[in-house]
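Note that the coordinates shown come from a computational prediction; the quantities given were computed from them, not determined experimentally. Residue indices begin at 1 and follow the sequence shown.
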Amino acid sequence: MVLMDQNGTNFEVIVKDYMLDIQNVAYHETKNYIYWSSWSGNITRVKYPSVDNDTEVIFHQEAGHCVSGIAVDSTNDYLYWSNCSNLVRSNLAGSDITPILNFSSNGSIGTLEVDSEKGLIFFINNRDRSIVRCTVDGSDVRSIFSSESVQDFALDKKDERIYFTYNYRGLGSTTYYGNDLKMNSLYFLIWFDEVSIDLSDDNIFLADFVDMFQVTKHSDYSDPLTLLSPDYYMQDIKVYEPIGSRDCKTYSEIYAADKRSKDYLTDLASDQVISDEYLDAGWYRPFSANGDEMPTSPPGQMHCGTINPIWLNGTLPTYDDGNVSRAACVQTNNDMCEQSIDIEIRNCGGYFIYFLQKTPPNSSFCFGSGPVICPVGTSSETGFYPGCSSSYPTTRVSVAVQTELLEGSSLPIPGYDPTPSLLPVFRCKFDIEPNGTYIYDIYWYINEFKITSYTNIPMKDINITLLKHTDWIDSYKMNMEVQCAIRMRYLANSVPGPLQYSAKFMAGIFPEKYDYTVIEGDSITIAFKSTVPIGCIASHKNLMAHCDQSFYVFQPKKNPNAGSCSNNIAIKDIIFKAQFCGIKLRATDWQEEKKLEVYGFSDGLYNSGDRSTYIRLSTSAVSAFNEMWQNVQIPDIKVKVLDKDASMTSRLCQSVNDPHITTFDGKYYHFMDIGEFVMYRNDKGPYWVHALLTNCGFGWQGSACHCAIAIRSRSSLFVIRTCKSISRTKKELLTTPVTKLISCDDNDLLIDFNQGRNEYKVTLPIGTEIKISVSRGMGFISTITVKPSIYDINEAKGLCGVPSVTKDPSDDYTHRDNGPVNSDQEFAKSWRITSAMTNEQLFVDEPDFITNDLILNLPNNPTIINNSTTFCTCEDQAGSTDSLDDFNIIQCNLTESTEFCSSSQQSGNQINSYSTTCTISKRKRRSLDHSSVVRRSTADTDDSDDVTESQPLVFDEDINSTDVISQTFRNGWTAEKAYQTCQEALTTAIPSDVYSDVVEVDVENFIQSCVSDIEVTGDKSFLTDTINAMATNIMTEISRNESLFIVNTTDGSQTILEQITSKLCINNCSNNGICVSGQCECSNEYIGDDCSKYISTPPVNISLPAKGLCTTTTRSCKKTNIYGDFLSMEVWYKIRYFKVVENSKLYSSNWEIYKAQYRNMFMVTVDLDVSRKTRSVAGPEMAEGYEITLSNDGNNFGEEVSILIYDERCVSCNSSMICVSLEVCESSKGTAENDEDSTTTIIAVASSCGVICVIVFVLAFLFYLKHKHTGEKSKVGVYFGCQHENGKNMDNGKLSNRTEQFRENTISDLDVHFEEGKEASMSNFENQLPPQNHFYNN
């Protein structure tokens, strides 16, 4: 045990025994004893200071019991402690033990403190961690603060406040009565959950077992002073501050000094006059309910319980003044200060002591002010003197607060009989005395403060004593403590009996508790219960069903410095499974428990610590009948989120090169078959990843390389394909890879492209991540990496295996039909997509799941099941002016309990060369079972120019061959040489010291993959791709480790993540750039994924779609795509315009330079109109066109390509720029006729549409007149616009084929909806709401 000063210095060891047994410490302020309780059940004390500081065990607890909290009453020399279930008291030596409170039925007693001046004991209930208060005799037990997270507390006896630590880094305070609750977070580093606390006058001291901190009381606790970080552990802390000299502890008491109040008028007929004429000189402390301060002005003769009162002719001292001398005056009938008496006064920091001496007869010292309460057994109108009498009713009754609905005015509602409106109120309910004729007084209190009272009320008028929200709404908020009290009289204005109080009624809506824990991906239910009914505009049961009050949920303490996105997964803590952000209480079911389902949000990170957030409920709007719920004040609910993503550490699936596959749980195998295979499948979405394997070429028989990947996410599809055909014996690649995205929902998948690594990253809604590395040199997809999420556990399957709860490879070879098998080849082949599986094929032009209009509505379709679930983020609070419908649409748009987002730093990066989107057709909106999918291009108006050559996939006849081709090393390679080469290359490129401390990598698997590739190819063609795959493996893992984001390297210049990824670039950027986050940032002269190419070298392998021919009947020919190998995202093009006359090019413009639009690593798009300049030419013009050349630096351009533009109805051209005029030019022949017909058609169609529109509007108007009084819960307006056959609207946007969902209102929003067949109009009564005085009393 150590003593130190408040600066954390001047240490002195008091006791050297083993101190980890200590629980709580206390001390006696004047007798120099230090006490402590121990886990062994003993109470020990030591006298300090003393010669040897010997310890003395004063109490041995019986076996099987315990001693927990301990406190010392230095005023009365008592020792209080708890033996867990009971509170006991003894003398300072531990004897004369007296039980004070049996608490076993309510819990057990932990830490305790005593305020002897107030006669109160405070302690922690270990069962629910709440703070409880009782008197020193064990009576008046009441809970002060209810929580399941209070750790320790200390008393500020001067300000009568309780300071307590709670949760992890929480510091709160409240009054002795539980009012003025303040909750704060500690923003500095606390290492352990258990935090001890004690106080001085101005400071708070905190200890967390390792460190001690000091903060000032009146601050935000954000700037602590660290007092010490010792080499030993701190079990408890106590602050000792002297509160005066020894005089403050050695005084005589003046008890029952209430009548010494300056405001008490002596009644000579009944009072015994107080006189201090026999008072011995000495220090005295007065004890009075009216205080202990001497009045500083003459109170008046016959006051203070005497004839000649004595008052202070001067001022009271402050604490710092110490002992002061003052003159006291005796007031008589002759003079206000007929005689002066010398006294001394000391302020002892909370009370005063006085050095007094004897006085003249019939005179006494005055102390305190205010009226004097009537003695026990007597009463008066005020409860104070004068008028105290024993003649009053003594009947005891049971009193309770109850809520009910008060009937008010009946508002006219068409279609319904008038019924009274309903307003929630509080009633003070008590037993009525049989045959009694008592008169009653009713008093109302909120949070122990008086609100209003009603006096002299006969029972027949008792309804006027209801407590209404208008009595308190400006000062208090719901979730408050309501109490009432009554007293009875025999007759009006006669002496009333004593007040009889009800129990405190908790009025509001309350959660089951205020502290919860949830695991990522799992859910908890927070149950709420209301104690107050919901008001309504009417009491008709059909109308009451529509009266409700919504409580909106938000998170008030989100860390503003936290990033919003990481690894394409949003940074959040929790989300809610709900239709809107909140819960709803209805007038018909307000007594039922309301549940809020909260999910731990999977952020995809291996968190460095558990995350915590807070939930707060608010009411953004209330109706006139529920104004009491305005700004309801519910303490924040804490939710701790336990990390589950860490269970996926070092678990990813990779298929590398000729494919060598590692499963999620670590199985490694080779699979060199041909065709379409399921890499990954999770039916939750459904989410599919299929790979297409074909021969790698170069005469490598028996090889298989990825040449395509297809990713299905629910109703969307993303495809990358590099091959023309699938064959076992040869390689046929496309000129440029095809990328296709068919997106039905922006929330289906997120695609990023990393130019520096030639890598696509696709993130699924459940957080699963697929990385696709494209090899420039080989033209194949070199690596497919699938990083599973926690939602894949025991759900995913395919070539990647089954991710178990723990890393268990025993079931990784799970056969599609037969379950786990031993053979990797048998397992892998079972996941082939055969030609008969048309419903699963993804590499066809239109997969079945897209083309089938009814697929979205199949009864057992997982998509429907999944999409019926709505999750809300509820991070922000709706503003008073926000549209709640719009707000909830934004907040509640998730269909999974996680959310992806774009964390890519790339800009202008469009990965798709062709993209479509789909929407649900509204043609048959009434029957969900018959809706269809309609797809439209997402390109701009000139999408006819967004041309790519997507050749159908061809399967060679040899795909079904079962020949087994054995492989042998050749070209001088041996197994030993290959192994040595691969080992040296991999360990040199990525040394183990770069990553070994933070990620598990099976380097041997990558070496074996490399060796196997050399055996197949006879060279090192795949070596770079293997190194890149290993780097991808490492980066995928470390990017999930949150601790690497926040922990810096030794020199503090970068995080560990930045340090590791700076060493994972291809070829170390060829020493021509720097490595940042695993990708090269090349110096000005270089480009390429490894900075090995000069920027002055123009793009190569340039070609145009359709061999450069553009016909104006099929395209607008205002832009064109250009294929090539693009090493930079910044590509320039040089263009000039020409005309073809008699098969010769005639140039009519000079070369002009512009920047191309980068589409992907194999394609850019250029605008053509920029260079068109008309110039007259001799001879017939047959076609026109552009010559285009590309550059990486805007200076050095490469080979030229030409695009030829012509009207194929008049001219026939070929790729050699030779054009022939057709004998009949259909374009000019029918121009006039077509113009006339077009005009006639437009007039006819427009006229028809006009007639139709008129008819539609007339019918709609008649329908409205007929049904205008019919309200429905959901109102849908459908507008039909006139359209040409080509689908374009004629209404210029004023009408459109759309469905609008209006805001859904309820009666509580001052709107009413009725059953079919009833007639009502809100306009009849919405402005007729009565003022509050229209509510009458029953």
Check whether [X] reaches the backbone of [Y] with its side chain - one donor and one acceptor, N or O, closer than 3.5 Å.
| X | Y | value |
| --- | --- | --- |
| T988 | A985 | no |
| D1193 | N1195 | yes |
| S1012 | Q1008 | no |
| D1090 | I1066 | no |

Once you round to the nearest 0.5 Å, how far does [atom1] of [X] lie from [atom2] of [Y]?
| X | Y | atom1 | atom2 | value |
| --- | --- | --- | --- | --- |
| I766 | T768 | CD1 | OG1 | 3.5 Å |
| I709 | I781 | CD1 | CD1 | 6.0 Å |
| D997 | I1038 | CG | CD1 | 12.0 Å |
| T1061 | I1056 | OG1 | CD1 | 11.5 Å |
| N1028 | T1024 | CG | OG1 | 8.5 Å |

Any side-chain donor near an acceptor of the partner, [X] and [Y], under 3.5 Å:
| X | Y | value |
| --- | --- | --- |
| N568 | D752 | yes |
| S1043 | N1041 | yes |
| N657 | H706 | no |
| N1196 | S1191 | no |
| H690 | R681 | yes |
| S713 | D748 | no |
| S1128 | N1192 | no |
| Q1079 | N754 | yes |

Using every non-hydrogen atom in the two residues, find where [X] and [Y] come nearest and quote the distance to one decimal.
| X | Y | value |
| --- | --- | --- |
| D1019 | I1014 | O-CG1, 3.4 Å |
| Y1158 | V1164 | CA-CG1, 4.1 Å |
| K724 | L733 | CE-O, 3.5 Å |
| A828 | F677 | O-CD2, 3.9 Å |
| F718 | L749 | CB-CD1, 3.9 Å |
| F1022 | D658 | CE1-CB, 4.3 Å |

Between [X] and [Y], does at least one N-O distance fall below 4.0 Å, as a salt bridge requires?
| X | Y | value |
| --- | --- | --- |
| R651 | E1037 | no |
| E520 | R611 | yes |
| E769 | R1040 | yes |
| D1125 | R776 | yes |

Practice task
Check the pair D665 / T663 against side-chain hydrogen bond (donor to acceptor under 3.5 Å, both in side chains), numbers first and verdict last.
Solution key: CA-CA 5 Å; D665 288 345; T663 65; over 6 Å; no

Please check if the number of heavy atoms outside [X] that lie under 6.0 Å from its [atom1] is greater than 12.
| X | atom1 | value |
| --- | --- | --- |
| K807 | NZ | yes |
| N1084 | CG | no |
| E1000 | CD | no |
| Q980 | CD | no |
| E984 | CD | no |
| K1134 | NZ | yes |

Problem - Ring centroid separation F1197 to Y1133 under 6.0 Å - result: no

Exercise for the section: State yes or no: are the ring centers of Y1094 and Y1086 separated by less than 6.0 Å? Expected result: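 Between Y1094 and Y1086, the centre distance is under 6.0 Å.
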
Handout entry: Pairs satisfying ring pair (Phe, Tyr, Trp, His ring centres under 6.0 Å), at least one member in residues 972-1010, at least two apart
Key = none

Fill in the blank from the handout: Residues pairing under disulfide bond (SG atoms under 2.5 Å apart) where one sits in residues 976-1040, two or more places apart or in two chains, turn out to be C982-C1010

Exercise for the section: Please name the residue in the list D1013, N1005, T1026 that meets the side-chain hydrogen bond (donor to acceptor under 3.5 Å, both in side chains) test with H660. Expected result: D1013

Problem - Criterion side-chain hydrogen bond (donor to acceptor under 3.5 Å, both in side chains) against T1165, the qualifying member of T1120, D946, N1121 - result: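 Running side-chain hydrogen bond (donor to acceptor under 3.5 Å, both in side chains) over T1120, D946, N1121 with T1165 returns exactly one hit, N1121.
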
Practice task
Assess the cysteine pair C1080 / C1069: is their SG-SG separation shorter than 2.5 Å?
Solution key: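 Yes.
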
Handout entry: Chi angles and distances behind the side-chain contact (heavy atoms from CB on, under 4.5 Å) call for E1015, F969
Key = CA-CA 5 Å; E1015 184 180 13; F969 286 98; 3.5 Å; yes

Practice task
Step by step, work out the side-chain contact (heavy atoms from CB on, under 4.5 Å) result for L842 and R712.
Solution key: CA-CA 8 Å; L842 295 185; R712 175 190 177 182; 4.3 Å; yes

Exercise for the section: Evaluate the side-chain hydrogen bond (donor to acceptor under 3.5 Å, both in side chains) criterion for residues S602 and D645: first the C-alpha distance (whole Å), next the side-chain angles of each, then the deciding distance (0.1 Å), finally the verdict. Expected result: CA-CA 7 Å; S602 170; D645 293 319; 2.7 Å; yes

Exercise for the section: For the residue pair Y760 and F753, categorise the inter-ring angle as parallel (less than 30°), tilted (30 to 60°) or perpendicular (more than 60°). Expected result: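 Y760 and F753: tilted rings.
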
Practice task
Please work out which of the three classes, parallel, tilted or perpendicular, describes the rings of Y668 and H670, given edges at 30° and 60°.
Solution key: perpendicular

Practice task
Check the pair R757 / D1089 against side-chain contact (heavy atoms from CB on, under 4.5 Å), numbers first and verdict last.
Solution key: CA-CA 6 Å; R757 298 190 60 82; D1089 45 19; over 6 Å; no

Problem - Residue pair V1016, S703: steps toward the side-chain contact (heavy atoms from CB on, under 4.5 Å) verdict - result: CA-CA 7 Å; V1016 172; S703 63; 3.7 Å; yes

Practice task
Name all pairs fulfilling the salt bridge (Lys or Arg N to Asp or Glu O under 4.0 Å) condition that reach into residues 1072-1088, sequence neighbours left out, sorted by first residue then second.
Solution key: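 Listed once each, the pairs would be none.
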
